[in-house]
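Just the heavy atoms: all of them, side chains too, but no hydrogens, waters or symmetry mates, feed the values below. Note on naming: letters A, B, ... go to the chains in the order of the sequence lines (proteins, then strands), and numbering restarts at 1 for each one. Here the structure is a predicted model, which means the values were calculated and not measured.
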Amino acid sequence: MTARIAEVLIPLALDQTYSYAVPAGLDLAAGDVVAVPLGPRSRIGVVWEMRPGSGGNLKPVEGRIDVPPMRPALRKLVDFVARYTLAPKGSALGLALRLPGDAPDVTRVGVRLAGPPPERMTPARHRVIEAAAGGLVHTKRDLAKLADVSTGVIDGLVDAGTLETLALTAAPVVEDPDPAFARPDLSPDQRAAAQTLAAAVATAAAERAGTAPPPPVILIDGVTGSGKTEVYFEAVAEALRLGRQALILMPEIALTSAFLERFAARFGVRPAAWHSAVGTRRRDRILTGVEAGSVKVVAGARSALFLPFRDLGLVVVDEEHEQAYKQEDGVCYHTRDMAIVRGRLEAAPVLLASATPSIETRVNVGWGRFRRVALPERFGGRSLPSITTIDMRRDPPSQGRFLSPLLLREVERTVAAGEQALLFLNRRGFAPLTLCRACGHRTSCPNCSAWLVEHRFRRALVCHHCGHTERVPEACVACGSVGSLVPCGPGVERIAEEVAQCLPEARRIVLSSDFPGGTERLRTELEAVAKGEADIVIGTQLVAKGHNFPGMTLVGVLDADIGLTSGDPRASERTFQLLQQVTGRAGRGAKPGRALVQTYQPEHPVIAALVSGEAERFYAEETAAREAAGLPPFGRLAALIVSGEDRAAAEAHGRALAQVSEPPPGVMVLGPAEAPLALIRSRYRFRLLVKAVREVNLQAYLRAWLARAGKPRGSVRVAVDIDPMSFL
DNA sequence: AGCACGCCGACT
DNA sequence: GTCGGCGTGCTC
């Protein structure tokens with residue numbers, strides 16, 4: 001037998017595999033999970049490749065870990081993610097290598113009658129033997145309960161040989177979803193869409209073995225309330241009928257029990273939910289089930305993308321446009337894009353669902369890489385809310401107020417009719433700025449120079465960038481004047497105060513991400529609101545997403561202009577999506593809805609498109625504007641190359657490198673005059689970007705490239721907007 | 001990730 | 001004179 005060398009990838013920030021000798025008698029293959037010595041310790045790694053050779057003076061592999069090997073598709077995904085994000089391979093492996101923890105084994109212990117009665121009989125023992133009569137297998141706990149004794153008695157009988165133990169197969173972590181459980185009642189549009197999706201699933205399943213064309217990526221572009229979920233459930237049903245697994249990816253906040261219940265209503269049982277709040281024990285069981293193929297459907301947040309599916313037949317990316325899909329620390333990747341890669345590697349169609357698809361997805365549809373299935377109408381004959389603007393220059397609120405009289409009147413009418421109103425303001429806290437009337441000083445964060453936001457409920461000034469918190473001072477820190485500090489501008493807390501003054505009878509609730517009591521309480525509050533336990537919701541963007549409020553007929557957008565001037569290249573797109581989502585909250589129940597949008601610039605393209613409903617035109621214009629501005633085309637990694645933390649040096653470097661005619665592959669060099677420089681306007685964000693770059697290892701990549709290209713090295717720093725669009 | 005080596009501030 | 005900060009580098 002030829003001696004062989006194992007190339008082992010270790011889930012650390014290492015970009016190479018390490019070579020190990022394979023001891024005699026150990027038969028290893030690519031994908032095997034092994035323990036290897038690394039420095040002074042032993043590490044778990046994955047055999048990435050086997051190659052012939054004599055181990056020589058290499059350290060030997062310590063041994064194989066008894067877990068299923070990593071499948072080729074998942075290994076290829078790891079390779080791809082590393083290459084695409086310029087992350088070290090080992091870091092990418094870290095996303096995919098999940099070993100069941102050392103939680104106690106999940107097999108329950110069963111006992112049954114197997115021997116003669118014990119020499120010492122007691123009443124308790126007698127009851128146990130009676131209960132166990134018939135030879136049935138019971139779990140320890142059940143039998144103890146049945147006989148009304150403690151489990152200690154059972155243990156005693158096991159020791160005496162009267163009972164024997166045997167391993168019971170654990171109850172499955174989830175029951176099998178039944179594709180025939182409840183056939184949905186679909187509209188003709190929905191049915192046609194569902195058939196298209198199901199056909200794609202079936203075709204991909206039939207062709208997976210051959211050298212078929214890659215499975216399709218299909219955008220389900222449906223207005224809010226059009227029943228996208230019900231439609232893609234039919235694709236899930238098809239995957240189930242074919243015996244394949246399905247993965248539904250969604251932003252963490254959307255993984256509510258409401259969603260899981262909707263799934264259960266269609267398939268009879270909840271899917272396996274995979275997110276950060278799932279306990280380790282349950283995670284282990286889901287992991288094993290996914291690997292064995294017994295868990296058929298996983299609904300999960302982005303980390304679920306790397307689960308070791310045995311036969312993945314469908315990937316759904318719900319709310320495809322969501323920013324939460326971007327992983328920004330560690331390996332920086334976009335879950336949607338990597339889901340597309342995984343779909344291709346697994347021969348599984350990928351469905352992207354959104355009411356407000358991202359620009360890159362639209363472009364990909366336009367280029368013919370993705371297919372598109374449209375659901376242009378709300379389900380059940382419901383109409384989309386009417387959207388009108390309130391020009392704040394013509395109908396301003398009274399002094400010191402933020403609600404236009406027009407909006408206030410509508411809110412009042414809504415509440416009087418027993419319906420719900422949502423006031424949307426994407427700003428947490430009471431006031432975004434605190435100003436000293438005496439000297440003009442603005443309270444700002446000592447760490448990052450952003451303004452401190454007053455949180456009146458908490459009686460604190462908070463930096464929304466770094467989290468710095470301080471007490472609201474009595475006197476101005478600059479001039480010492482007492483009582484001169486005035487809040488400027490509104491946050492949701494301040495709006496709540498205004499609502500309390502204007503409509504004191506109405507039940508109101510403020511919902512923002514800093515809701516006291518954390519995510520759990522927030523979820524219960526959201527459900528309470530959905531049941532109608534509030535008249536007026538004052539909320540930040542978290543109310544724009546996911547949740548369904550059937551009684552909500554009015555949405556008031558308080559400051560539609562927020563975010564339009566942020567300097568972020570995606571500002572317009574994001575604002576448009578956010579406003580479309582939030583106005584779409586209105587009229588999802590029996591009664592039609594309307595939305596009023598307060599703005600100082602009703603003629604702004606974003607606002608105009610929102611009101612006219614001409615989303616397509618807006619996206620086309622936005623795409624063209626980006627191209628004209630030299631912003632990265634979709635399919636590239638954009639990099640802004642700067643040096644050090646000093647702005648002037650950064651710009652000089654940027655200028656120099658912008659003249660380089662051949663940027664390294666995959667990297668687009670942008671000059672300092674171009675828009676992304678706005679990203680480094682504040683020190684804080686700049687640091688973040690530098691951090692991001694260190695993590696994607698772009699710096700090392702560029703350094704190597706500079707050396708090869710014979711360019712001066714300098715101290716190269718790189719800032720990137722990691723937004724790699726699919727280049728498939 | 002750990003754990004080493006290595007070069008500059010406050011202390012027995 | 002040392003202890004200790006964390007910056008850079010290495011692990012087959």
Q: Applying ring-ring contact (aromatic ring centres under 6.0 Å, His included), name anything that partners A:His441, two or more places apart in sequence or on another chain.
A: none
Q: Could you verify whether a donor N or O on one side chain and an acceptor N or O on the other, from A:Glu252 and A:Ser276, lie under 3.5 Å apart?
A: yes
Q) A:Trp48 has an atom CH2; how far is it from atom P of C:dC12, in whole Å? A) 19 Å
So which protein N/O to nucleotides 1-4 of chain B N/O distances come out below 3.5 Å?
{"unit_1": "B:dG2", "atom_1": "OP1", "unit_2": "A:Arg43", "atom_2": "NH2", "d": "2.7"}

Q. Where the side chain of A:Arg342 meets the backbone of A:Leu305, is there a donor-acceptor pair that is under 3.5 Å apart?
A. yes
Q) Under 3.5 Å, is there a donor-acceptor pair between the side chain of A:Tyr20 and the main chain of A:Pro37? A) yes
Q. A:Glu7 CD to C:dC12 P: how many Å, rounded?
A. 13 Å
Q. For A:Asp311, what residues pass the salt bridge (charged side-chain N to carboxylate O under 4.0 Å, His left out) criterion, not counting sequence neighbours?
A. A:Arg208, A:Arg244
